[in-house]
Q: 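Mind having a look at this structure? Questions to follow.
Here the structure is a predicted model, which is why all the values come from computation and not from measurement.
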Amino acid sequence: MKLVFASNNQNKVNEIKAMLPKSIELLSLKDIDCNEDIPETAKTIEGNAILKANYVTEKYNFPCFADDTGLEVEALNGEPGVYSARYAGESKNSDDNMNKLLENLKDKTNRNAQFKTVIALNFNNEQHLFEGIAKGKIISEKKGEKGFGYDPIFVPEGFTSTFAEMEMTEKAKLSHRGIATRKLIEFLNTI
């Protein structure tokens, strides 16, 4: 089965490809010659995932799934949330985003946060949503070289290492994207 993952983020593509059964051939946007930036104009994480999946299905006629992820920080009323990738501006620079977040949290004692991923799957003229949440806390300095995005400052509940200090397989077992992807795979295995 061929399935498009509506993402240009090679880190995400690799992370999900490593989890999928061999029976599913995962195609990226590059693989289907989709080189445009798909608009992410929704006000919610779910809405952006749906927008991206619908764009690929409507324009390229492929079964497709798309995800959107946000980091929601309690002390900042859920910020950066749906704006996580462009928290510090349209350049979508991870270091700038982390620096802005750490600056906004410098006087806060509540460091509780959660990553939330929603995957929207368009398959056989139906749409299905899968959600994954990873709870944890934001630490005050970056640690680790692996991962991407906010991984160097996020420590999941019950652990002392950041996502950026974990191997991809360990992170996938507990991460928001890993949880949502396992739900997606369970569903795909039923069809």
Q: Is any side-chain heavy atom of I24 closer than 4.5 Å to one of K2?
A: no
Q: Given 3.5 Å as the limit, does a donor-acceptor pair link the side chain of N122 with the main chain of A53, or not?
A: yes
Q: Would you call M168 and E15 a side-chain contact if the rule is heavy atoms closer than 4.5 Å?
A: yes
Q: Does any N or O in the side chain of N54 come within less than 3.5 Å of the main-chain N or O of L51, such that one atom is a donor and the other an acceptor?
A: no
Q: Restricting to non-hydrogen atoms, name the atom on S84 and the atom on G70 that form the minimum distance, rounded to 0.1 Å.
A: OG-CA, 3.4 Å
Q: Going from CG on N9 to OG on S28, what distance comes out if it is rounded to the nearest 0.5 angstrom?
A: 11.0 Å
Q: Tell me whether the rings of F187 and F130 are parallel (<30°), tilted (30 to 60°) or perpendicular (>60°).
A: tilted
Q: Going through the checks in order, is the side chain to side chain contact (heavy atoms under 4.5 Å, CB included) test met by V118 and I50?
A: CA-CA 9 Å; V118 175; I50 291 167; over 6 Å; no
Q: Between G47 and A42, what is the shortest heavy-atom contact and its length?
A: C-CB, 3.4 Å
Q: Check the surroundings of atom CG in D95: do more than 12 heavy atoms from other residues, nucleotides or ligands lie under 6.0 Å from it?
A: yes
Q: So how far is it from S23 OG to L3 CG, rounded to the nearest 0.5 Å?
A: 10.5 Å
Q: With rounding to the nearest 0.5 Å, note down the distance linking SG in C64 to NZ in K59.
A: 13.5 Å
Q: Please check: side-chain N/O of T162 versus main-chain N/O of G144, any donor-acceptor pairing under 3.5 Å?
A: no
Q: Shortest non-hydrogen contact from F163 to P156?
A: CE2-CG, 3.6 Å
Q: Is it true that L121 and I16 fall in one hydrophobic cluster, defined by side-chain heavy atoms closer than 4.5 Å?
A: yes
Q: Under 3.5 Å, is there a donor on one side chain and an acceptor on the other for K142 and N99?
A: yes
Q: Checking K12 against F65: charged group under 6.0 Å from the ring centre and within 45 degrees of the axis?
A: no
Q: Answer yes when E165 and K171 have at least one side-chain N-carboxylate O distance shorter than 4.0 Å, and no when they do not.
A: no
Q: Could you check whether atom CD of E145 has more than 12 heavy atoms from other residues, nucleotides or ligands sitting under 6.0 Å from it?
A: no
Q: Indicate, with yes or no, if L27 and L20 share a hydrophobic cluster defined by side-chain heavy-atom contacts under 4.5 Å among Ile, Leu, Val, Met, Phe, Trp and Tyr.
A: no
Q: Could you measure the distance from the CG atom of D107 to the CG atom of N104? Nearest 0.5 Å is fine.
A: 10.0 Å
Q: Would you say D96's side chain and A88's backbone share a donor-acceptor pair under 3.5 angstrom?
A: no
Q: Do F159 and F115 land in one hydrophobic cluster if side-chain heavy atoms of ILVMFWY residues count as linked below 4.5 Å?
A: yes
Q: Compare every heavy atom of N97 with every heavy atom of A85, then report the nearest pair and how far apart it is.
A: O-ND2, 2.9 Å
Q: Which pair of non-hydrogen atoms, one from D67 and one from T69, has the smallest distance, and what is that distance?
A: OD2-OG1, 3.7 Å
Q: Checking D33 against Y60 for the side chain to side chain contact (heavy atoms under 4.5 Å, CB included) test, could you report, in this order, the C-alpha distance in whole Å, the side-chain angles of both residues, the deciding distance, and whether it holds?
A: CA-CA 9 Å; D33 292 322; Y60 294 90; 5.6 Å; no
Q: Step through the shown structure and confirm whether more than 12 heavy atoms of other residues, nucleotides or ligands are within 6.0 Å of NZ on K183.
A: yes
Q: Ignoring hydrogens, what is the shortest heavy-atom contact between I139 and L102? Give both atom names and the distance.
A: O-CD2, 3.1 Å
Q: Do other residues, nucleotides or ligands put more than 12 heavy atoms under 6.0 Å from the NZ atom of K135?
A: no
Q: Determine whether more than 12 heavy atoms belonging to other residues, nucleotides or ligands lie under 6.0 Å from atom CG of N125.
A: no
Q: Same hydrophobic cluster for M1 and I119, using side-chain heavy-atom links shorter than 4.5 Å among ILVMFWY?
A: yes
Q: Does any non-hydrogen side-chain atom of I133 lie less than 4.5 Å from one of H176?
A: no
Q: Check step by step if side chain to side chain contact (heavy atoms under 4.5 Å, CB included) holds for L26 and D31.
A: CA-CA 9 Å; L26 189 66; D31 294 329; over 6 Å; no
Q: What I'd like to find out is whether the side chain of L76 reaches to under 4.5 Å of the side chain of L101, using heavy atoms alone.
A: yes
Q: Side chains of N14 and Q10: donor-acceptor distance under 3.5 Å anywhere?
A: yes
Q: Measuring from L71:CG to Y83:OH, what's the distance to the nearest 0.5 Å?
A: 15.5 Å
Q: Quick test of your reading of the model: are E131 and K116 salt-bridged, counting only N-O distances below 4.0 Å?
A: yes
Q: Is the number of heavy atoms from other residues, nucleotides or ligands under 6.0 Å of K143 NZ greater than 12?
A: no
Q: Rounded to the nearest 0.5 Å, what separation is found between the CG atom of D37 and the NZ atom of K52?
A: 10.5 Å
Q: Do Y87 and V82 belong together in a cluster built from hydrophobic side chains that touch within less than 4.5 Å?
A: no
Q: Going through the checks in order, is the side chain to side chain contact (heavy atoms under 4.5 Å, CB included) test met by I185 and T181?
A: CA-CA 6 Å; I185 291 167; T181 302; 3.8 Å; yes
Q: Decide ring-ring contact (aromatic ring centres under 6.0 Å, His included) for F123 and H128; before the verdict, give the C-alpha distance in whole Å, the side-chain angles of both, and the deciding distance to 0.1 Å.
A: CA-CA 8 Å; F123 193 83; H128 305 273; 8.3 Å; no
Q: Do P63 and V4 make a side-chain contact, defined as non-hydrogen atoms from C-beta onward lying under 4.5 Å apart?
A: no
Q: Checking the side chain of R111 only, and the main-chain atoms of L105 only, is there a donor and an acceptor separated by less than 3.5 Å?
A: yes
Q: Does V56 reach the side chain of L29, with side-chain heavy atoms less than 4.5 Å apart?
A: yes
